[in-house]
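Single-structure report; data block below.
Since this is a predicted model, take the numbers as computed values, not measurements.
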Amino acid sequence: MNSLELSKVYNPKEFEDRIYEFWLKNNYFKPKNIGKAKPFVMVMPPPNVTGILHMGHALNNILPDILIRYYRMKGRAALWVPGTDHAGIATQNVVEKQLKAQNLKKEDLGRDEFVKRTWEVKDKHHEIITRQLKKIGCSCDWDRERFTLDSGLSDAVRETFVTLYEKGLIYKGNYLVNYCPRCSTALSNEEVEYENVNSNLWEINYPLTDGKGFITVATTRPETMFGDVAIAVNPEDERYKHLVGKQVHLPLTDRKIPIIADDFVGVEFGTGMVKVTPAHDFNDWECGKRHNLKPINILNIDGTLNENCPDGYVNLSVTEARTKVVSELEKKGYLSKIVPYNHDVGHCYRCKTIVEPFMSLQWFVKMKPLADKALKAWKEGKIKFYPVKWENTYSSWLENIKDWCISRQLWWGHRIPVWYCEDCKNEMASRTDVTVCSKCGSTHVIQDPDVLDTWFSSWLWPFSILGWPNKTDDLSNFFPTSSLVTGYDIIFFWVSRMIMSSLVFMDKVPFQDVYLTGLVRDKLGRKMAKSLGNGIDPLNVIDIYGADAMKFTLCYMATQGQDILIDMDSFKLGSRFANKIWNAVRFILMNINDEKIHTVGKKDLKTLDKWIYHTFNETVLKVSNAIESYKFSEATQAVYSFFWNDFCDWYLEASKISLNSDSKDERSRIISIFMDLLEKSLRLLHPFMSFLTEELYSKLPNTDSALIIAPYPEYDKKLIFEQEVHQVHQIQEIIKSVRNIRSELNIKISEKIVLYIRLSDENVKKIVSENIDLIKNLTNSESVLFTDSNFIPNTVLCSGLNYDAFIDIKGLLDPLKEISRLEQEIEKNEKSLKQVMDKLNNDKFKLNAKREAIDKEYSKKTEFENLILKSQRLINLLKNSQY
RNA sequence: GGCCAUGUAGCUCAGUGGGAGAGCAUUACCUUCACACGGUAGGGGUCACUGGUUCAAACCCAGUCAUGGUCACCA
């Protein structure tokens, strides 16, 4: 070890990669003392293998890393399991886009070849993502890494599907589902995002078949009229009662449809008449069921119109058909009017295409029984959300849950484990591949072509990742996990469903705590998106500022429930702090010569030493409490202010006297304390500044093992020194007020002053006299003397509660200026005094307020009165003296 | 429309029933041998608005306004 090894400026590139290798090589990310120590387990929310990690990912992995490192140092068997998600639609889209660039469709390749290409995309992105996570410093156990489409998870998916199938909780049927025509697949309700769209309400006339005029209906989707099977009115609507039961001609076709009454129709809206299109609208679907109306499907699976539509419309897209229908209606006189209208339209969450309600044969999970379990577990307090407000979101979703459409008409994903016999039509759900029909013995069996929703594998993550459905050691050692950290945007997709699946298959909640991070946004509050070009690449931040700076900054800003607004400059916070730590260590190391480092006993601690130990100890308590209650910002603020403001600004500055002492013993004493404090501080800081602290730790002469596995500092009752803390505050107050006056009077640094201090309290006097050199140094005085006088000519006075300090500025005093300054002081203090007196003159205050509050007001009263008195006296003296 | 947040310094945000805080930005002074990614000292706030509870409210309650999120929609 020697100080020369530390460069002047903190340069994270010099050591971050090396340190990560060091950790990896020594298996420090693996849980220790399994079975003996209480485990602390987290699973990584698996990033999609569709791209690279963004700032949100960085945040969502930085916070778990802090927790894992903290609990690891606390002696828990800490395990963090990483992994990635195959991300069905999203990844398939990436490959389809690549093909499109080559003018190819997936059908040109065929299913097997397409899936093979998708695996290549997966491999590529997986490699990048892994590298990024390592750059960030994630201390996860890479040997346990999983992928949602690996063989183990595929077993888990089959086990889950077949079990639910056998319990009757999975069913297949022809229902109306949300359908993305671009992705050519069904979606779950959660995968549809509603966006407000400027559109029109078209009012269309439908002629009555009895020739007695026409009726007018309003619609936002005129092209769906080819699927109309009825017109509905509200049964209470006096305007239309007489029409119920009559028939109308469906314009542009030769079909006739009935007018029916149903109370889902609002009297107020539009014309009060609704076209009923069961195959393409969820309300109409329900209405159609009530009236036994057979739905007419007008769409092909690619979203174009099918042969149920008139000639000339078949194979048109919905948009094209809309234009054509409107113009035909207008031409033929059926169009009554067009009213501009804004409404929310569902879009595919992956490709933003407008989704169409579409009737098709799909697989569903019956959710009510699962949701009930999940609600019960939450009500019993088995699971807690941080911040708690999200529990509302969780419970209201579960209370209003709808069945989950899990089949996707995609190629990338877990194939549905159901086989059909082509001969006897037998349907077989199976954990293993089926080649022979279980009923008729035929070998003509084919597997269902669809795949499962990608969330059908990730909802098993907390136990499948540990080896389920096999009974593994990991499963018994590490399930249930401890905490989950993820973004609030996937509470429905992922968090709630994991809770449901764990309760069904493991009979336990998957984690006790869920911490929901805010989303990372730019300084204007916008989401970071490729299209806006406002994204910040974590690797870029690491390149400029270092991984620790990024980690510390994000953590500092991670307050519960808030989105995080940042730009590149935000990371200066962490970077400067890292530099500060670096240089503090560097400074102390370069001051070691041949001093012997030893344990300094309590009796050898001076006031200032006790103060810093006390402050450190309080910080340990604050930080531990904050981490354990997921108050990340609070924890970082505590370590920041301790290390920078207390340790560097005061203790280190003050201790330079000891460092420069002629006494070898004193130098040895102070260096030993420094080493002890640094060693402890680095342990305290490690979860937040992992690379830097590990690197510096290795440079300390009093350490011999890795910091990452060193014990976390514990609160120590033997290090409470209230009295010394009070004394140091006294000294700090004197120093600050003298510095203030110096600055106010523009006394240059080069100008040494003479300071006279007057103290009435003997205890204070004792402690000040012990630290006279300290005051001298920090106020840049050539001498500090005690005085009993209450006036010293040619000096400026600054006073506090227990002291007067006279600053001799050697004939530079301008009496008029000084009088004016004192008058301002008086004014300020009188204002404060008035506030205090208002309270003290209030009998109710004295009657009701807490004892301490009253005492405090009285002491404030004395303080302000004294200060005013002193200033006034000084003004008089100044006015009467002959300068 | 329901529900949930948020509104504190120029910006981003902490905070707490008892004298308004941090980081960045800004002003002055300082390149003093750890750090100019630094030091010292400042300036800057009707704590959205209006009521209420309380001896005391930025904090608790109600309402208003504004902003955001989310769910659900009547075509």
Whole-Å distance between [N] [atom2] and [X] [atom1]?
X      : N     : atom1 : atom2 : answer
A:D838 : B:C55 : CG    : C1'   : 12 Å
A:R739 : B:G42 : CZ    : P     : 10 Å
A:D855 : B:G18 : CG    : P     : 16 Å
A:L554 : B:G23 : CG    : P     : 18 Å
A:D281 : B:A75 : CG    : C1'   : 7 Å
A:L589 : B:C35 : CG    : P     : 14 Å
A:K846 : B:C55 : NZ    : C1'   : 12 Å
A:K752 : B:U40 : NZ    : P     : 17 Å

So what does [X] hit on the nucleic acid, given a heavy-atom distance under 4.0 Å: a base, only sugar-phosphate, or nothing?
X      : answer
A:L847 : nothing
A:V265 : base
A:S832 : base
A:T220 : sugar-phosphate

[X]: what forms a salt bridge (Lys or Arg N to Asp or Glu O under 4.0 Å) with it, not counting sequence neighbours?
X      : value
A:K844 : none
A:K631 : none
A:K384 : none

Integer angstrom distance from the [atom1] of [N] to that of [M]:
N     : M     : atom1 : result
B:U6  : B:G44 : P     : 30 Å
B:C47 : B:A22 : C1'   : 15 Å
B:C37 : B:U31 : C1'   : 15 Å
B:C35 : B:U40 : C1'   : 15 Å

Taking only residues two or more places apart in sequence, or in another chain, which ones meet A:H343 in a ring pair (Phe, Tyr, Trp, His ring centres under 6.0 Å)?
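For A:H343 the ring pair (Phe, Tyr, Trp, His ring centres under 6.0 Å) partners, ignoring immediate neighbours, are A:Y341.
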Upstream residue (5' side of RNA chain B) when A:Y10 and A:G266 are each assigned their closest nucleotide:
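It is A:Y10, whose closest nucleotide lies nearer the 5' terminus.
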Please name the nucleotide paired to [N] by Watson-Crick or G-U wobble geometry with both distances under 3.5 Å, or report none.
N     : result
B:C73 : none
B:C35 : none
B:A28 : B:U40

Listed once per pair and sorted, the side-chain hydrogen bond (donor to acceptor under 3.5 Å, both in side chains) pairs that draw on residues 736-747 of chain A, sequence neighbours left out:
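Only A:S737-A:Y803 qualify under side-chain hydrogen bond (donor to acceptor under 3.5 Å, both in side chains).
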Pairs satisfying side-chain hydrogen bond (donor to acceptor under 3.5 Å, both in side chains), at least one member in residues 227-237 of chain A, at least two apart:
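side-chain hydrogen bond (donor to acceptor under 3.5 Å, both in side chains) check on residues 227-237 of chain A returns A:Y206-A:D228, A:D228-A:K275, A:D228-A:T277, A:D237-A:R239.
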Could you list all the salt bridge (Lys or Arg N to Asp or Glu O under 4.0 Å) pairs where at least one residue sits in residues 548-561 of chain A, not counting sequence neighbours?
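As it turns out, the salt bridge (Lys or Arg N to Asp or Glu O under 4.0 Å) pairs with a partner in residues 548-561 of chain A, which skip direct neighbours, are A:D65-A:K551.
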Under-3.5 Å N/O pairs linking protein and nucleotides 68-72 of chain B:
| unit_1 | atom_1 | unit_2 | atom_2 | d |
| --- | --- | --- | --- | --- |
| B:A72 | N6 | A:D344 | OD2 | 3.4 |

Distances for protein N or O near nucleotides 24-34 of chain B N or O, under 3.5 Å:
| unit_1 | atom_1 | unit_2 | atom_2 | d |
| --- | --- | --- | --- | --- |
| B:C24 | OP1 | A:R576 | NH1 | 3.1 |
| B:A34 | O3' | A:R586 | NH1 | 3.4 |
| B:A34 | O2' | A:N583 | OD1 | 2.6 |
| B:A34 | O2' | A:R586 | NH1 | 2.6 |
| B:A34 | N7 | A:K656 | NZ | 3.4 |
| B:A34 | N6 | A:E653 | OE2 | 2.8 |
| B:A34 | N3 | A:N583 | O | 3.2 |
| B:A34 | N3 | A:A584 | N | 3.4 |

Side-chain donor/acceptor pairs under 3.5 Å, residues 193-203 of chain A, sequence neighbours excluded:
| unit_1 | atom_1 | unit_2 | atom_2 | d |
| --- | --- | --- | --- | --- |
| A:E193 | OE1 | A:K352 | NZ | 3.0 |
| A:N196 | ND2 | A:D344 | OD1 | 3.0 |

Taking only nitrogen or oxygen atoms into account, show me every contact under 3.5 Å that the protein makes with nucleotides 3-8 of chain B, one pair per line with its distance.
| unit_1 | atom_1 | unit_2 | atom_2 | d |
| --- | --- | --- | --- | --- |
| B:A5 | O2' | A:K389 | NZ | 3.4 |

For B:C37, take OP1 and OP2 only and decide whether either is under 4.0 Å from a side-chain N or O of A:N579.
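Looking at the OP1 and OP2 atoms of B:C37, neither is under 4.0 Å from any side-chain N or O of A:N579.
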Mind checking whether A:W494 and A:Y488 have ring centres under 6.0 Å apart?
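No, they do not, as the ring centres are separated by 6.0 Å or more.
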Go through the structure and list residues passing side chain to side chain donor-acceptor pair (under 3.5 Å) with A:W285, not counting sequence neighbours.
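None.
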